[in-house]
Amino acid sequence: MTRLHLHLVSDSTGETLDTIAKAALAQFDDVETVRHFWPMVRTETHLERVLQEIALKPGLVMFTLVNATTRRVLEQRCAALGLPTVAPMDPLNDALTALFGKQGKAKPGRQHVLDAAYFARVDAIQFTIAHDDGIASEEWEEADILLAGVSRSSKTPTSIYLANRGYKVANIPIVVESPPPAALFQLKRPLVVGLTTSADRLIQIRRNRLLSLNQMPDTSYVEQDAVTREIAFARRMFADRGWPVIDVTRRSIEETAAAVIALVQQREGAVMPVDE
């Protein structure tokens, strides 16, 4: 197995670097990566401390630094150490510069400014947390999205992910023995999306959940026929109402959220329909 020290150097929070690094590393098997995260590097003094650590644990250096002097010092010192450096935002910035005919402002962290969009995202997160698991159905009409699905079909994590993208999301568990409130079937504003999954996958997730709670996994909650009926019940409800359905069996939370966003955009006439 190959072992790599990966240094992520940023003059902001480093979220962009982290995401790019994860996406690239996911394409390589049998690689043990030790990530060293260096955010908010905005002075040469701070950079000097980082460079000392890089010299002790040499590897690949990825960076997003907008200050020309700080960037030049990093590149020169890494070159002297014989270490490769990558600035993944350079091609995009160069393309935008050519397109707009002017340079960017070179100000770190501009994507994190406290503007109206930021506060709207905070509001979306607060709304989503307050409307988890069927809570406050009288306020569902204020939501952008409502996710419905049986227990453990990834409704809550998908809701939180969507909230971080600025969507107000409510979610409700579909339970055979407990009909949902009438408000669910009267919604006009929110896009209602049904989440479904395979019985085998759902049973596995539920068993793990019960074991983590030190409960015996021998109830109807994880019984094959009961779970199959539960999923069928939810799917009939989705079909009867004409709600779009996303099968989350082989999807990550990010992929499910992306499919939901595509459905929202489709509803607004922006993109083609998403495959289930």
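Only a predicted model underlies this, so the values are computations on that prediction, with no experimental measurement involved.
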Would you find a donor on one side and an acceptor on the other, under 3.5 Å apart, between the side chain of [X] and the backbone of [Y]?
X      : Y      : answer
Asn164 : Ile160 : yes
Glu141 : Lys188 : yes
Arg42  : Asp11  : yes
Lys155 : Val150 : yes
Arg206 : Tyr221 : yes
Arg235 : Val245 : no

### Task
Establish, for the pair Arg71 and Phe63, whether the NZ or CZ atom is under 6.0 angstrom from the six-membered ring centre and no further than 45 degrees off its axis.
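Relative to the ring axis of Phe63, which defines the angle, Arg71 lies outside at least one limit.
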Hey, what do you get for [atom1] ([X]) to [atom2] ([Y]), rounding to the nearest 0.5 Å?
X      : Y      : atom1 : atom2 : answer
Ile261 : Leu191 : CD1   : CG    : 11.5 Å
Ile231 : Ile174 : CD1   : CD1   : 13.0 Å
Asn67  : Arg72  : CG    : CZ    : 8.5 Å
Ile135 : Trp140 : CD1   : CH2   : 10.5 Å
Lys57  : Leu6   : NZ    : CG    : 13.5 Å
Ser159 : Ile129 : OG    : CD1   : 10.5 Å

#### Entry: Residue pair Gln204 / Arg201, side-chain donor-acceptor N/O under 3.5 Å
yes
### Query
How about Asp247 and Thr249: does a side-chain donor come under 3.5 Å of a side-chain acceptor?
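Thr249 and Asp247 do have a side-chain donor-acceptor pair below 3.5 Å.
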How close do [X] and [Y] get, heavy atom to heavy atom, and via which atoms?
X      : Y      : answer
Cys78  : Val61  : SG-CG2, 3.9 Å
Leu195 : Thr256 : CD2-CG2, 4.1 Å
Ala183 : Leu187 : O-CG, 3.3 Å
Leu65  : Val41  : CD2-O, 3.7 Å
Ile203 : Val227 : CG1-CG2, 3.8 Å

Hey, are the side chains of [X] and [Y] touching, using non-hydrogen atoms and a 4.5 Å cut-off?
X      : Y      : value
Met62  : Ile20  : yes
Pro39  : Thr13  : no
Leu60  : Leu4   : yes
Asp133 : Thr156 : no
Arg251 : Ile246 : yes
Gln126 : Asp123 : yes
Ser10  : Met40  : no
Ile205 : Thr197 : no

### Message
According to side-chain contact (heavy atoms from CB on, under 4.5 Å), who are the partners of Leu81, at least two apart in sequence or on a separate chain?
### Response
Ala55, Leu83
#### Entry: Candidate pair Ser12 and Thr64, rule side-chain contact (heavy atoms from CB on, under 4.5 Å), full reasoning
CA-CA 8 Å; Ser12 186; Thr64 50; over 6 Å; no
### Lys168 and His131: CA distance, side-chain angles, deciding distance, side-chain contact (heavy atoms from CB on, under 4.5 Å) verdict
CA-CA 9 Å; Lys168 291 183 177 181; His131 296 81; over 6 Å; no
### Message
For residues 170-184, which residue pairs pass the salt bridge (charged side-chain N to carboxylate O under 4.0 Å, His left out) check, not counting sequence neighbours?
### Response
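Salt bridge (charged side-chain N to carboxylate O under 4.0 Å, His left out) check on residues 170-184 returns no pairs.
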### Message
Check the orientation of Trp243 and Phe238. Use parallel for under 30°, tilted for 30 to 60°, and perpendicular for over 60°.
### Response
tilted
Do [Y] and [X] meet the salt-bridge criterion of a basic N to acidic O distance under 4.0 Å?
X      : Y      : result
Arg250 : Glu255 : no
Arg165 : Asp144 : no
Arg236 : Asp240 : no

### Query
Are more than 12 heavy atoms from other residues, nucleotides or ligands located less than 6.0 Å from atom CZ of Arg189?
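Enclosed: over 12 neighbouring heavy atoms sit under 6.0 Å from CZ of Arg189.
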### Task
Go through Val9 and His36 one step at a time and tell me if the side-chain contact (heavy atoms from CB on, under 4.5 Å) criterion holds.
CA-CA 8 Å; Val9 185; His36 306 276; over 6 Å; no
### Query
Hey, mind stepping through Arg229 and Asp225 against salt bridge (Lys or Arg N to Asp or Glu O under 4.0 Å) and telling me if it holds?
CA-CA 6 Å; Arg229 287 194 300 271; Asp225 289 342; 5.0 Å; no
### Message
What verdict does the side-chain contact (heavy atoms from CB on, under 4.5 Å) test give for Val264 and Ile145, after you've listed the backbone C-alpha separation in whole Å, the side-chain angles of each residue and the deciding distance to 0.1 Å?
### Response
CA-CA 8 Å; Val264 171; Ile145 301 163; 3.8 Å; yes
